Amino acid sequence: MLPQLRVLSLETISKIGQEVLLQGWVNARRNLGKIVFLDLRDRSGVVQVVAGPRDLDAASVDRLKDVRPEWVVAIRGVVQERGEKQKNPELPTGRVEVIAKELAILASAEPLPLDLEDEKIGLDIHLDFLPITLRSPKWQAVFKIQAEIAESFRAYLRSDGFTEFAAPKIVGSSTEGGANVFRLKYFDREAFLAQSPQFYKQIMVGIFERVFTVGNVYRAEEHATTRHLNEYTSLDLEMGFIHDHTDIMATEIGWLRHLLNHLEQTVPAELQQWQWQRPLLPEVIPALKLREAQQLIKEDTGVDHTAEPDLEPHEERWLSEYAKAKFQSDFLFITHYPTAKRPMYTYPDEADPDYTKSFDLLFRGVEITTGGQRINNYEQLVGNIKKWGLNPDNFKFYLESFRYGMPPEGGLAVGLERLTARLLGIDNVKLATLFPRDLNRIDLQLSPPEYKQ
RNA sequence: GGGUCGGUAGAUCAACUUGGUUAGAUCGCUUCCCUGUCACGGAAGAGGUUGCGGGUUCGAGUCCCGUCCGACCCGCCA
């Protein structure tokens, strides 16, 4: 067997003539008879290994016969510059190759049930085989990018005086009303999976002024669309001492600008895999009041939805097209949603109390953010809880923050998977989710028995 | 919850409109040949109760009914 050497990533193959230990998966195997070429993949990339009887010991030659794609192997060899005719300028490591001297098999692999390079794999098959489909560079790229989106959120906010906290996922009362909650047994009583960290981030404003949290939230809605999940990752921020909701919008614009630069700096190759088109982000994202937006749609299409409390999905798409053409922006804020259709903590506009100081952010046809100013006055908040038909006793814990001094504040929540999907032009949000939970799927456990093997 | 569309080798699809011997193709898989390939190439081969059940018919992958599964749209939301 091979001596235990340290792992040498492919990035370090710079010194010609160096002896290295490579550990990775076999990406491809080209058997020319006596000589075998292996493309070996590790976290840093892919490199060609040349395995032939001239340099390889007899036992390794024997083991080599069995090696197939996705087998995990360790190879001791020497880095060599390729001959002029053998250089492949299309590959990042096409200038070099590793001459194998010894090969050990760390794990065998059954033949793949699908083709990792196949771009047309069905959604169902893709999701059922996520543990292997995610190995392809294209899907690796999605989730590397997603990790950097979350990283950018953290980095930007931290630099702006925000403190990160972890919000509980098991909660004693359902927060927002509206959306359905997952119920669960909590010892001898009932509890819920959190639909949002809303109450906790507001409470935390009373402590740190500016906070953010990144975590999963749960919605028990029986929807089946390309933009809904039953578990998704929410990027939440909340900040005190604001003037109104526009301060929150300004914070979001600042982050988005940081985000685009951060991605282009940290994961340029991964963006390129998805034919990255940098979103149009003007200095100030255009903003329309809901009623103004509906009026525009009415004028253009003749369909009068100016009495509706929210936009329909096709109207969101229409408005995104409009904003792109009119303002050269892939983003569009819609503000001032009706008070009656927003949660009880949403701040009403003093000038027009039927509408709120709230906003959604549309990005390439889909809503990716909801935010706004919150009611920070204790009496007003209690009054609203009653007005919404809720019992203030159930909100005592939450209300303590406001009873004992809460500054004017507000915040927002961004759907991480939706943002990822829209940034990369992925049609279905499930494909921008590592392990999506939906109506029909918790990994394989809700799938038909024949898939379980 | 309402609506629309779909289900054929391991994968991606064809054959369905107009019913007709042994349901094809590509990739993958197996065996053999090959020391400069790079998604290597070449030769041969295996692999399908056409989701399931029933019906119409001399005959059904194809038409009809039921059922299961899935995708998409809507409601709701991020």
Side-chain angles (χ1 to χ4, degrees), chain A residues 27-40 46-56 68-69 82-91 93-94 97 99 110-129 132-133 176-180 195-196 198 216-236 308-314 316 341-343 360-363 366-371 412-422 427-430 433 438-441 446-451 453:
Chain A
N27 217 41
R29 169 182 184 268
R30 293 180 290 280
N31 185 353
L32 275 70
K34 294 259 179 355
I35 190 170
V36 176
F37 296 94
L38 298 177
D39 288 344
L40 200 69
V46 176
V47 75
Q48 170 167 284
V49 173
V50 186
R54 193 169 57 201
D55 300 284
L56 212 51
R68 291 292 181 278
R82 295 192 192 184
E84 279 313 312
K85 277 188 177 170
Q86 288 132 29
K87 284 181 180 163
N88 188 338
E90 295 186 6
L91 303 175
T93 59
E97 60 192 4
I99 308 299
E110 291 179 22
L112 291 175
L114 41 77
D115 183 358
L116 288 185
E117 304 292 329
D118 190 349
E119 307 256 329
K120 291 187 293 184
I121 291 288
L123 181 62
D124 208 32
I125 298 291
H126 174 88
L127 295 177
D128 281 348
F129 290 101
I132 51 179
T133 48
E176 323 238 347
N180 293 325
Q195 297 166 272
S196 135
Q198 181 65 29
N216 290 349
V217 295
Y218 301 86
R219 304 282 166 95
E221 292 282 353
E222 296 191 356
H223 34 44
T225 74
T226 51
R227 60 190 185 284
H228 286 96
L229 298 160
N230 291 299
E231 176 184 64
Y232 70 91
T233 306
S234 187
L235 306 176
D236 270 88
E308 295 296 321
D310 202 351
L311 298 167
E312 293 181 5
H314 74 268
E316 293 179 347
K341 285 295 283 185
R342 287 269 147 159
D360 279 5
L361 180 62
L362 304 184
F363 173 45
V366 173
E367 174 185 335
I368 61 161
T369 292
T370 290
L412 60 78
V414 180
L416 175 61
E417 295 84 355
R418 278 192 184 178
L419 175 57
T420 308
R422 294 293 81 218
D427 289 333
N428 192 322
V429 75
K430 289 175 198 171
T433 308
D438 66 27
L439 193 51
N440 305 308
R441 185 182 301 280
L446 292 183
S447 293
E450 59 263 30
Y451 283 106
Q453 296 192 335

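Chain A is the first sequence line, chain B the second, and so forth, proteins listed ahead of strands; every chain is numbered from 1. None of the values given here were measured: they were computed from a predicted structure.
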Select one nucleotide: of [options], the one nearest the side-chain heavy atoms of [X].
X      : options                : answer
A:R68  : B:rC38, B:rU31, B:rA78 : B:rU31
A:K430 : B:rA71, B:rU30, B:rA78 : B:rA71
A:I35  : B:rU35, B:rC77, B:rG70 : B:rU35
A:E312 : B:rG75, B:rC40, B:rU35 : B:rG75
A:D118 : B:rU12, B:rC40, B:rC74 : B:rU12
A:L91  : B:rU12, B:rC73, B:rC38 : B:rC38
A:P313 : B:rG75, B:rC34, B:rA78 : B:rG75
A:Q48  : B:rC29, B:rG75, B:rC38 : B:rC38
A:R82  : B:rG10, B:rU30, B:rU37 : B:rU37
A:I121 : B:rA11, B:rG10, B:rC72 : B:rA11

A:D124 with A:R441: basic N within carboxylate O range, under 4.0 Å:
yes
Take the protein atom [atom1] of [X] and the nucleotide atom [atom2] of [N], then report the distance between them rounded to whole Å.
X      : N      : atom1 : atom2 : answer
A:I125 : B:rC13 : CD1   : P     : 10 Å
A:L32  : B:rG42 : CG    : P     : 13 Å
A:N88  : B:rC40 : CG    : C1'   : 12 Å

Check: A:H126 main-chain N/O paired with A:T133 side-chain donor or acceptor under 3.5 Å:
yes
Which nucleotide, in any strand shown, forms a Watson-Crick or G-U wobble pair with [N], with both distances under 3.5 Å?
N      : answer
B:rG36 : none
B:rA11 : B:rU26
B:rU4  : B:rA71
B:rG61 : none

Looking only at N and O atoms, is any donor in the side chain of [X] or the base of [N] less than 3.5 Å from an acceptor on the other one?
X      : N      : result
A:Q86  : B:rU37 : no
A:R29  : B:rC40 : no
A:E110 : B:rG10 : no

Considering all heavy atoms of both residues, which atom of [X] and which atom of [Y] are nearest to each other, and what is their separation?
X      : Y      : answer
A:K120 : A:D118 : N-OD1, 2.8 Å
A:Q195 : A:V217 : O-CB, 3.5 Å
A:N230 : A:R219 : OD1-O, 2.8 Å

Listing time: all N or O pairs from protein to nucleotides 1-9 of chain B that are below 3.5 Å?
residue: B:rG1; atom: OP1; partner: A:E222; partner atom: OE1; Å: 2.4

With sugar-phosphate meaning primed atoms plus P, OP1 and OP2, does [X] contact a base, only sugar-phosphate, or nothing at under 4.0 Å between heavy atoms?
X      : answer
A:N31  : base
A:K34  : base
A:L229 : base
A:G83  : nothing
A:E417 : nothing
A:D115 : sugar-phosphate

Examine B:rA78: is either OP1 or OP2 under 4.0 Å from a nitrogen or oxygen in the side chain of A:T370? Give yes or no.
yes
Any A:R30 side-chain N or O less than 4.0 Å from OP1/OP2 of B:rU37
no
Let's go through A:V36 and A:R29 carefully: what are the C-alpha distance in whole Å and the side-chain angles of both, what is the deciding distance for side chain to side chain contact (heavy atoms under 4.5 Å, CB included) to 0.1 Å, and is it a yes or a no?
CA-CA 7 Å; A:V36 176; A:R29 169 182 184 268; 4.1 Å; yes
Rounded to whole angstrom, note down the [atom1] distance from [N] over to [M].
N      : M      : atom1 : value
B:rC72 : B:rU30 : C1'   : 40 Å
B:rG54 : B:rA60 : C1'   : 13 Å
B:rC58 : B:rG19 : P     : 15 Å

Please report the C-alpha distance between A:Y232 and A:R418 in whole Å, then the side-chain angles of each, then the deciding distance to 0.1 Å, and finally whether the side-chain hydrogen bond (donor to acceptor under 3.5 Å, both in side chains) criterion is met.
CA-CA 9 Å; A:Y232 70 91; A:R418 278 192 184 178; over 6 Å; no
Does B:rG36 have A:F37 stacked on its base, where the ring centres are within less than 5.5 Å and the planes differ by under 30°?
no
Out of A:T420, A:L416, A:T433, which residue meets the side-chain contact (heavy atoms from CB on, under 4.5 Å) rule with A:T233?
A:L416
Go through the steps for A:R30 and A:Q48 under the test side chain to side chain contact (heavy atoms under 4.5 Å, CB included), then give the verdict.
CA-CA 10 Å; A:R30 293 180 290 280; A:Q48 170 167 284; 2.9 Å; yes
